[in-house]
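Read through the structure below, which is laid out as structure tokens, and then see the notes.
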Amino acid sequence: MRKSTPPDVRAPRDTASATVELEDVPFGRFHLHVAVAGSGGQFSDGYILGIIGIALTSATDDLALNAVWLGLLGAASLAGLFFGSLFSGALIDRIGRHPIFAFDMPLLAALSLAQFWTAAAWQLLLLRLLLGLVLGADYAASKTLVSELAPRKSRGRMMSVLAIAWAAGYTIAYLVGYLIAQTASGDRPWTWMLASSAVPALLVAAARLGVPESPRWLIAKGRAQEAAAMIAAKIGPHVTLPTAPAPAPAPAPATSSGAPAESGSLRALFAPALRSRTVIACVFYLCHIMPYFALSTFSPRILASLGVHNAYFGGAVYNLLLLVGAVVGMSVIDRLTRRRFLVGSFAVAAVLLLPLGILHDLPITLVIVLFAALAFALSAADTLAFVYPQELFPTRMRATGVGAAVAASRIGASISTFLLPVVVESFGIRTAMTGLVLVLAAGALACYRYAPETSGLKLGSQ
């Protein structure tokens with residue numbers, strides 16, 4: 001009897017025995033499941049970072065928060081993300097992507113729910129730090145796992161779903177917080193706002209049921225038969241796998257002293273074989289995220305400083321364009337080469353921001369148009385952050401490299417969100433905007449000079 005075609009993959013029509021490599025399998029229901037499950041962590045990250053701002057407005061009196069406490073609580077999750085992503089990557093490369101991917105969301109839900117019973121500022125600070133640690137680990141695990149299960153021809157679009165999910169989580173969190181503030185009865189509505197992040201975390205945990213371990217990681221650990229059996233069950237028996245671990249730029253990276261660096265360790269990232277890729281991954285992510293986070297966090301205040309009277313309307317337009325830009329970025333990321341998208345997005349953003357830094361008395365309409373276009377450009381480029389770092393590292397070091405790049409981005413986010421209001425108050429809004437233009441220009445130059453092309457890359461051929 002002729003075998004039926006698996007429901008989520010279109011088998012070749014010429015022969016039932018025809019085979020296809022894992023990365024050349026057409027996009028199907030299996031890949032959609034993986035993309036949705038992976039993007040859920042990004043949605044939760046955006047939600048948790050988005051809800052804290054409006055929640056702290058309501059919690060200020062209840063917790064007797066001064067400016068220092070507000071700053072600490074606002075930055076706590078970012079700090080946790082830094083440490084979680086930096087140190088979890090090596091662990092993920094050693095024990096696999098699936099353990100953290102499968103179990104971090106229930107932990108995130110428990111920590112989110114615990115915020116409901118917060119009675120003191122230090123308790124909320126501790127919970128926000130722990131939430132950031134869990135999210136940082138999920139960044140490294142989910143980005144790596146999804147990229148290693150994605151077909152190479154649609155990897156960019158598949159990974160871009162994660163960027164859209166983050167923007168959606170950030171936007172929806174603001175709307176939920178506003179709705180709770182307007183409708184909640186009784187004291188401490190902010191506890192309901194913060195605890196609401198448990199809902200998406202539980203939904204994501206359910207969505208991740210059935211997502212398997214990365215076959216590339218299994219093969220790299222000498223478990224090729226297990227990888228083949230899993231892929232046959234999930235996609236189809238006609239799918240073939242590499243018979244050896246994905247080759248690295250060098251078989252055994254060595255430190256500057258010549259001693260071999262342990263695979264899956266932070267030290268190995270800066271061995272000669274991987275050093276340049278590690279640096280460009282961190283520089284790209286840092287230079288992109290600094291203006292992205294600073295302008296998103298303070299968009300109403302920035303627009304007011306630029307003379308826009310209805311700054312909250314302008315901020316709403318800015319946030320809407322962030323979401324639209326992420327969708328458009330997904331549609332073009334596999335149509336442009338990675339280098340062209342990298343360098344071009346930095347250059348376009350710098351050109352859009354430059355008039356706001358050097359020109360005075362611009363028409364209000366032009367200010368809003370430039371700011372909205374900037375939001376669109378930055379958000380479209382944000383899809384690269386979910387694709388490019390994964391393509392720079394071999395399988396045995398991928399989660400470690402992605403974790404380091406995410407950690408660098410969180411350093412940039414923390415620095416820019418702290419410095420922007422300080423620079424605006426001390427030197428003026430145009431000095432702050434010019435500084436961000438220089439950051440974007442530095443990113444463009446670094447990528448033009450050092451970023452390797454990875455378009456159409458098979459994840460074993462770096």
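- For residues 95-108, the set of pairs meeting the salt bridge (Lys or Arg N to Asp or Glu O under 4.0 Å) definition, not counting sequence neighbours, comprises Asp93-Arg97, Arg97-Glu148, Asp104-Arg208.
- For the side chain to side chain donor-acceptor pair (under 3.5 Å) test, no residue two or more places apart in sequence or in another chain qualifies with Arg340.
- At least one donor-acceptor pair closer than 3.5 Å links the side chain of His31 to the backbone N or O of Gly28.
- Side-chain contact check for Arg155 and Gln390: no donor-acceptor pair (N or O, by modelled atom type) lies under 3.5 Å.
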Donor-acceptor pairs under 3.5 Å, side chain of residues 85-92 to any protein atom, not counting sequence neighbours: which ones?
{"unit_1": "Ser85", "atom_1": "OG", "unit_2": "Leu81", "atom_2": "O", "d": "2.7"}
{"unit_1": "Ser85", "atom_1": "OG", "unit_2": "Phe82", "atom_2": "O", "d": "3.2"}
{"unit_1": "Ser85", "atom_1": "OG", "unit_2": "Ala407", "atom_2": "N", "d": "3.4"}
{"unit_1": "Ser88", "atom_1": "OG", "unit_2": "Gly84", "atom_2": "O", "d": "2.6"}

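- Looking at every heavy atom in both residues, Ala37 comes nearest to Ala207 through CB-O, 3.8 Å.
- Between the side chain of Arg410 and the backbone N or O of Val406 there is no donor-acceptor pair closer than 3.5 Å.
- At a threshold of 4.5 Å between non-hydrogen side-chain atoms, the residues Val351 and Val348 do not count as touching.
- Under the rule for a side chain to side chain donor-acceptor pair (under 3.5 Å), Thr278 has no partner lying at least two apart in sequence or in another chain.
- Contact between Leu370 and Leu352 at its shortest, heavy atoms only, is CD2-O, 3.9 Å.
- In this structure a side-chain-to-backbone donor-acceptor pair under 3.5 Å is present from Arg277 to Leu392.
- Within the 3.5 Å criterion, the main-chain N or O of Ile333 finds a donor-acceptor partner in the side chain of Arg338.
- Applying the side-chain contact (heavy atoms from CB on, under 4.5 Å) criterion to Leu133, with sequence neighbours excluded, gives Phe83, Leu130.
- With hydrogens and angles disregarded, no donor-acceptor distance shorter than 3.5 Å links the side chain of Glu23 to the backbone of Pro151.
- Considering only heavy atoms from C-beta on, Val211 comes within 4.5 Å of His33 through its side chain.
- Checked for salt-bridge contact, Lys153 and Asp334 miss the test: no charged N lies under 4.0 Å from a carboxylate O.
- Residues satisfying the salt bridge (Lys or Arg N to Asp or Glu O under 4.0 Å) criterion with Glu226, sequence neighbours excluded, are Arg223.
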**OP:** I would like to know whether Thr144 and Phe101 meet side chain to side chain contact (heavy atoms under 4.5 Å, CB included); could you show each step before the answer?
**Re:** CA-CA 10 Å; Thr144 303; Phe101 183 82; over 6 Å; no

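- Side chains of Thr240 and Val20 form no contact here, defined as non-hydrogen atoms less than 4.5 Å apart.
- Listed by chain and residue number, Phe116 satisfy the ring pair (Phe, Tyr, Trp, His ring centres under 6.0 Å) test with Trp192 (two or more places apart in sequence, or in another chain).
- The side chain to side chain donor-acceptor pair (under 3.5 Å) search around Ser197 returns Ser112, not counting sequence neighbours.
- Between the Lys143 side chain and the Pro389 main chain, no donor and acceptor come within less than 3.5 Å of each other.
- For the residue pair Gly177 and Met193, the shortest heavy atom distance occurs at O-CE, 3.6 Å.
- Residues satisfying the side-chain contact (heavy atoms from CB on, under 4.5 Å) criterion with Ala451, sequence neighbours excluded, are Ile280, Arg339, Leu342, Tyr388, Cys447.
- Residues that satisfy the side-chain contact (heavy atoms from CB on, under 4.5 Å) test with Ile172, not counting sequence neighbours, are Phe43, Tyr47, Val176.
- Of all non-hydrogen atoms in Ala446 and Val283, the two that sit nearest each other are CB-CG1, 3.8 Å.
- Pairs engaging residues 36-46 under the side-chain hydrogen bond (donor to acceptor under 3.5 Å, both in side chains) rule: Gln42-Tyr139, Asp45-Tyr139, Asp45-Trp166 [sequence neighbours left out].
- For the side-chain contact (heavy atoms from CB on, under 4.5 Å) test, residues two or more places apart in sequence or in another chain that qualify with Thr434 are Ile358.
- Of all non-hydrogen atoms in Ser409 and Ile289, the two that sit nearest each other are O-CG2, 2.9 Å.
- Scanning both residues, Gly96 and Glu213, for their nearest heavy atoms gives CA-OE1, 3.4 Å.
- With Arg398 contributing its side chain and Phe393 its backbone, the two residues share a donor-acceptor pair below 3.5 Å.
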